[in-house]
Amino acid sequence: MKREIAQLLKDAVLKAQGAGDLPPFELPPLIVEQPQREEHGDYANNLALQVAGRVGMPPRQVAEIVVKHLPPAEFISRVEVAGPGFINFTLDDGWLARQVETILAQGPSYGRLDLGRDKRVQVEYGSANPTGPLHVGFARNVVLGDSLANLLEAAGYEVQREYYVNDTGTQMRLFNESLYARYAQALGREEEIPEGGYRGPYMVEWGREIAEVEDDRYLQMPREEALEAIGEVGLSKVLEGVKEDLELLGIRYDNWFSERSLYEDGYFGEVMEILRQGGHIFEEEGAIWFGASALGGDKDEVVVRSTGEPGYFASDIAYHYQKFIKRGFDWVIDVWGADHQGHVPRMKAMMRALGLDPERLTLLIYQLVTLKRGGEVLRLSKRTGDIITLREVLDEVGPDAIRFFLLTHAADSQMDFDLELAKEQSQENPVYYVQYAHARIASVLRYAGDFDYSDGDLSLLTHEAELALLRQMVLLPDIVELAATNLAPHHLTYYAQDLASAFHSFYKQCRVVSSYPEDMPLNKARLKLVKACQIVLAQVLGLMGVSAPEKM
RNA sequence: GCGCCUGUAGCUCAAUUGGAGAGAGCGACUGACUACGAAUCAGUAGGUUGUGGGUUCGAGUCCCGCCAGGCGCACCA
């Protein structure tokens with residue numbers, strides 16, 4: 001809708017200029033917004049205020065001229081110049097009512113846009129070190145990434161969801177050694193957990209499980225071989241748990257990508273050769289460096305340590321080389337916690353070194369979640385094992401409430417997550433308010449039974465509460481655009497509440513299924529309205545990855 | 001010390017990319033079920049947007065300084 005109005009305004013300005021009523025000037029980006037106050041209409045534009053200075057006329061006069069040249073549109077019933085020079089638009093009631101038919105016809109594709117024009121975008125999220133059970137902080141990452149992927153899909157992008165498995169490197173080695181130690185201990189052998197190793201109780205359990213199944217088989221092997229073999233077992237245990245948690249959260253990936261494969265399949269070698277030829281690689285003190293500072297990075301970065309082991313950044317380079325050059329994504333979004341925020345400059349430098357537009361890589365940074373239990377701050381550490389696991393919270397609170405809660409905060413906003421508080425408040429989570437609206441509609445439709453309302457006359461929808469509801473319903477495409485272009489899924493949660501609120505209010509004021517024969521035509525129209533509303537509710541819930549129940 | 005993020009109602013957070021009188025939820029208070037779900041609705045109270053300057057028709061939003069909090073600043077990830 002905003003786009004349509006912007007187009008009308010553009011046409012009007014061009015016409016006015018053509019007619020000589022306005023001098024030629026370059027059109028600023030046309031911002032169509034929803035005013036806060038009802039008497040300012042449904043949409044507003046500030047173009048006259050923006051250009052008044054350049055045009056040399058008072059803003060109200062500019063606005064009047066634009067309005068005079070505004071082409072008529074069926075969805076607008078009134079255009080007004082107001083305040084210092086705003087142009088306010090009011091939606092036509094009849095048009096609003098007719099949108100019910102549009103929504104019913106489009107069904108689950110209502111709200112879909114073509115902003116993406118089939119551009120291929122990859123959203124990479126999750127990607128925690130596979131060294132233990134997931135904690136709640138991690139959930140923010142996947143919930144954000146998953147809803148974002150939903151939004152981009154709705155906006156018309158071709159989206160791939162990818163999970164990056166960090167199955168190599170120092171942390172993996174520590175994990176393997178820790179697991180080996182627990183395994184050996186389970187068999188009565190003295191074995192130390194390494195410095196910086198993983199001490200969580202789950203490691204003890206896994207060590208025991210492996211000992212039960214495999215007996216002392218790994219103890220018979222050379223240590224290096226045993227570490228590798230036991231590491232494989234451990235990795236599969238971790239990933240199994242991760243997949244179960246993600247399943248509970250309703251998250252599925254298109255692809256699981258192994259960090260190790262970057263080396264095994266030769267991508268690392270390839271990209272290093274390219275960077276070397278580009279003069280971005282140098283050697284110093286036995287290590288191999290990437291000259292990031294020459295490309296806008298804050299400092300140069302070690303790629304291969306003097307021990308000969310590639311560092312984390314080495315994988316990042318090879319991984320993104322693989323994403324862009326081998327797989328050809330037009331756009332890649334990595335969802336990262338704020339603890340990785342300092343790595344953004346070197347990633348951008350890497351893009352430049354590979355001759356890629358840095359704009360094609362978006363690092364979406366979200367602020368970390370502070371975990372608390374009964375008001376006490378917990379340090380989240382898989383190494384010490386002092387965590388609130390995601391599973392624990394899913395069992396206590398439920399996936400819908402978790403997802404909604406995590407989505408209500410903008411990525412930039414820090415969050416506290418208190419398990420005790422979450423349990424207490426889960427019943428008051430606004431998600432149920434939204435779901436209740438959906439279930440309530442399902443109930444009304446059940447009550448209506450097989451009553452045929454397909455010939456309902458929508459022009460009967462003139463009640464104030466009906467129109468208020470319709471105004472919310474037709475907002476969905478604008479919300480999808482807003483949230484998708486800003487990579488900001490939190491807008492969905494607020495919209496969902498507004499929509500549900502408009503429905504509940506309508507429901508209180510307007511009887512949908514009446515037994516009086518003379519109400520029959522209105523019943524039919526309202527059943528259509530309610531059905532369409534259910535579709536919109538289901539859409540927005542779906543974008544958030546929250547279920548849309550028929551009963552609660 | 002340097003970089004990034006944040007500071008808005010008692011609490012948790014929004015605020016349409018610089019717009020009109022800053023909005024929700026929770027909590028508090030007042031009211032509403034004799035036909036479709038009260039997990040609901042209608043209403044009241046609650047604010048010097050951390051602070052001091054600046055930019056302009058207009059600032060919670062942009063710029064500068066301070067104060068406070070979070071996260072970084074390794075041949076860890």
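In what follows, chains carry the letters A, B, and so on, assigned in the order in which the sequence lines appear, proteins first and then strands, with residues in each chain numbered from 1. Values below: every heavy atom of this structure, side chains too, minus hydrogens, waters and symmetry copies.
- Atom CZ of A:F89 and atom P of B:A20 are 17 Å apart (whole Å).
- Against RNA chain B, the stretch residues 433-441 of chain A makes heavy-atom approaches under 4.0 Å through A:Y433, A:Y436, A:A439, A:R440.
- As judged by a 4.0 angstrom heavy-atom cut-off over every strand, A:E283 is placed among residues making no nucleic acid contact.
- At the heavy-atom level, A:S443 lies under 4.0 Å from base atoms of the strands shown.
- At the heavy-atom level, A:H40 lies under 4.0 Å from base atoms of the strands shown.
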Quick one: which protein N/O atoms are closer than 3.5 Å to N/O atoms of nucleotides 42-44 of chain B? Pair and distance per line, please.
| unit_1 | atom_1 | unit_2 | atom_2 | d |
| --- | --- | --- | --- | --- |
| B:A42 | OP1 | A:S505 | OG | 3.2 |

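- Residue-level contact check: A:I31 touches the backbone only, with heavy atoms under 4.0 Å from sugar-phosphate atoms and none from bases.
- Dashed line: the shortest gap from a side-chain N or O of A:H409 to OP1 or OP2 of B:C13 is under 4.0 Å.
- Note on A:E285: a base of the nucleic acid sits closer than 4.0 angstrom, heavy atoms only.
- With B:A15, B:C13, B:U16 as the candidates, the nucleotide lying closest to the side chain of A:E33 is B:U16.
- Listed nucleotides: B:A77, B:A20, B:C41. Nearest to the side chain of A:Q36: B:A20.
- Listed pair A:T408 / B:C13 fails the phosphate criterion, with no side-chain N or O lying under 4.0 Å from OP1 or OP2.
- Closest to the side chain of A:Y507, from the set B:A38, B:A14, B:A77, is B:A38.
- A salt bridge links A:E466 to A:R526: one of the charged nitrogens lies within less than 4.0 Å of a carboxylate oxygen.
- Side-chain proximity of A:H490 to the nucleotides B:G21, B:A15, B:C75 is greatest for B:A15.
- Checked against the 6.0 Å centroid criterion, the rings of A:F405 and A:F417 qualify as a close aromatic pair.
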Show each protein N/O and nucleotides 29-35 of chain B N/O combination with a separation under 3.5 Å, one pair to a line.
| unit_1 | atom_1 | unit_2 | atom_2 | d |
| --- | --- | --- | --- | --- |
| B:A35 | N3 | A:R511 | NH2 | 3.3 |

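- Interface remark: the A:D316 side chain does not form any donor-acceptor pair with the B:A77 base, using a distance-only criterion of under 3.5 Å.
- Taking the charged nitrogens against the carboxylate oxygens, A:K323 and A:E162 have no contact shorter than 4.0 Å, which rules out a salt bridge.
- A search for side chain to side chain donor-acceptor pair (under 3.5 Å) contacts involving A:Y163 returns nothing, not counting sequence neighbours.
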## Note on the structure
With sugar-phosphate taken as primed atoms, P, OP1 and OP2 and all else as base, the protein-contact string of nucleotides 3-9 of chain B at under 4.0 Å (heavy atoms; B, S, -) is BBSS---

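- Proximity of residues 520-534 of chain A to RNA chain B (heavy atom under 4.0 angstrom from any strand atom) is not detected for any residue.
- The side chain of A:K2 lies closest to B:U16, out of B:C41, B:U16, B:A77.
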